[in-house]
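Chain A is the first sequence line, chain B the second, and so forth, proteins listed ahead of strands; every chain is numbered from 1. The shown structure was predicted, so the numbers you read here are calculated from the model rather than taken from an experiment.
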Number of protein chains: 2
Amino acid sequence: MRISELARHSGVPVATIKFYLREGLLPKGEATSATRAEYTGAHLRRLRLVRALVEVGDLPLSRVRAVLRVVDDPATDLHRALGTLHYAVADDPPAPEDDPGWDAARRRTDDLLAGLGWRVTDHAPDRRRLTRAVAAMAELGRPVDDGALRAYAAAAHTAAEHDVARIGPGDTREEVLEYAVLVSALMEQAMTALHRLAREDVSATRFAAPGERGERERGG
Amino acid sequence: MRISELARHSGVPVATIKFYLREGLLPKGEATSATRAEYTGAHLRRLRLVRALVEVGDLPLSRVRAVLRVVDDPATDLHRALGTLHYAVADDPPAPEDDPGWDAARRRTDDLLAGLGWRVTDHAPDRRRLTRAVAAMAELGRPVDDGALRAYAAAAHTAAEHDVARIGPGDTREEVLEYAVLVSALMEQAMTALHRLAREDVSATRFAAPGERGERERGG
DNA sequence: TAATTTTGGAGAGTAGTACTATCCAATCGA
DNA sequence: TCGATTGGATAGTACTACTCTCCAAAATTA
């Protein structure tokens with residue numbers, strides 16, 4: 001496959017493919033001469049993955065690059081690679097120093113995770129992400145109570161079990177890692193969308209002017 | 001309060017506050033002379049809200065502006081304002097034309113939502129967001145099955161019920177709307193973080209090398 | 001064989017976002 | 001009185017993600 005065909009099959013402009021090649025987001029094709037290189041189905045697949053992560057998953061290219069580095073490094077074993085992947089997909093927001101509100105929020109999230117017995121490392125970026133959200137809610141006068149937090153955690157865990165259950169025992173290392181990336185970036189978007197749609201439903205049911213649209217039989 | 005005090009209390013540089021004033025993200029203070037304006041606690045609160053939406057909620061300023069327009073418009077009733085808010089927080093991704101995969105995904109998400117009986121409008125941006133994720137998973141060879149989708153929906157609905165339950169009957173229109181914004185932007189981040197942490201836990205439990213770290217008693 | 005097109009490679013240019021810096025005259029506070 | 005502060009305006013910056021242009025070599029077509 002030549003670069004123009006790669007472009008045609010993927011819908012990505014040649015200029016962008018060249019840019020991705022320069023940026024190391026797509027491996028070079030095999031050069032057959034000074035002005036020709038051959039691209040394979042693997043290139044097309046990788047290109048589609050990059051586009052999905054960028055367009056659907058909304059990852060910046062730097063994060064995509066980090067993710068692909070992990071997927072392509074055969075040196076680390078599967079378990080370790082999966083761990084590293086979680087760090088590559090999420091960015092680590094800086095923690096403010098000297099903020100008592102932040103320290104309190106951090107303690108609460110740590111306690112929550114410890115209480116649930118989740119196997120997550122101390123320096124997982126998403127710990128901070130969660131802390132940041134909890135701290136911001138409190139700072140703006142709408143603190144999140146433990147019940148809501150635990151309900152969120154239970155809901156998230158249910159979804160996560162479905163995510164991991166779809167990995168077959170016969171899947172290769174690369175298949176597992178690629179799937180993990182896809183779930184982290186794309187299913188996350190699905191969850192966000194469903195959460196907001198569900199909120200629309202619940203608040204519509206509660207705040208709808210009487211008589212507006214028919215009653216609903218059953219919820220979620 | 002003068003602009004420098006507003007800056008000190010919020011931690012936001014004066015230059016940035018001026019920029020927000022220009023951009024209409026923060027209402028002007030009451031001018032007491034040609035070179036002095038008075039800012040109130042409401043300004044500080046609004047400034048903190050803007051920063052939280054930008055920093056924690058990761059909303060672009062254009063979206064923040066749209067959100068605040070809805071919150072500040074007293075003309076629309078609460079129910080309608082809540083509906084509009086969901087559209088202001090989420091951006092509407094463009095739908096590709098002539099993509100059979102997309103049409104199939106769209107039918108699936110429509111069926112899912114209809115089957116659940118959720119009260120969401122046909123043109124909710126998050127419908128498309130969900131469709132996009134489902135279509136992308138299928139296109140990359142990892143289609144999402146209905147069971148997983150329904151599990152996601154159930155989990156999202158549980159979280160949403162907690163979100164809406166925290167609105168008190170005595171809350172003013174502005175309080176309700178501001179809370180809705182906060183939940184849409186910040187609790188969404190909390191859910192995402194928990195979802196990823198849960199996935200880390202589940203995959204650690206499944207893929208950990210034997211003997212690595214102690215066994216866990218109970219999951220989420 | 002000649003003319004046209006395509007390619008890889010490199011560099012510069014562009015559009016959008018979110019600030020940040022500078023300047024100014026008026027005016028406030030010590 | 002005089003340095004600091006303010007509102008208002010304009011310009012500049014850093015970053016991201018492309019997009020465009022150019023080139024000579026090679027491939028394709030006439």
Heavy atom of residues 24-40 of chain B under 4.0 Å from DNA chain C: which residues?
B:Ser33, B:Ala34, B:Thr35, B:Arg36
Quick check for you: name the first and last nucleotides of DNA chain D, 5' to 3', having an atom under 4.0 Å from a heavy atom of chain A.
D:dA17 to D:dA27
Inter-residue atom distance B:Leu130.CG - A:Thr192.OG1, 0.5 Å rounding
10.5 Å
How long is the straight-line distance from CG of B:Leu194 back to CD of B:Glu200, given to the nearest 0.5 Å?
12.0 Å
Are A:Tyr152 and A:His195 close enough that their ring centers fall under 6.0 Å?
yes
Once salt bridge (Lys or Arg N to Asp or Glu O under 4.0 Å) is applied, what residue pairs with a partner in residues 14-30 of chain B remain, sequence neighbours excluded?
B:Glu23-B:Arg65
For residues B:Tyr20 and B:Arg51, determine if any side-chain heavy atom of one lies less than 4.5 Å from a side-chain heavy atom of the other.
yes
Mind checking the CD-CG spacing from B:Glu174 to B:Asp72? Nearest 0.5 Å is all I need.
6.5 Å
B:Arg80 vs B:Asp77, salt bridge (charged side-chain N to carboxylate O under 4.0 Å, His left out): CA-CA, chis, key distance, verdict:
CA-CA 6 Å; B:Arg80 202 169 297 277; B:Asp77 65 293; 3.5 Å; yes
Is A:Arg2 close enough to C:dT5 that one of its side-chain N or O atoms is under 4.0 Å from OP1 or OP2 there?
no
For B:Arg127, give me all partners under side-chain contact (heavy atoms from CB on, under 4.5 Å), at least two apart in sequence or on another chain.
B:Arg106, B:Asp110, B:Leu113, B:Val120, B:Asp122
Which part of the nucleic acid, if any, lies within reach of A:Arg65 when heavy atoms closer than 4.0 Å are counted: base, sugar-phosphate only, or nothing?
nothing
For A:Pro60, side-chain contact (heavy atoms from CB on, under 4.5 Å) partners two or more places apart:
A:Ser62, A:Arg63
Donor-acceptor pair between A:His9 and A:Glu5 side chains, under 3.5 angstrom
no
Interface residues of residues 4-23 of chain A with DNA chain C (non-hydrogen, below 4.0 angstrom):
A:Ser4, A:Lys18, A:Arg22
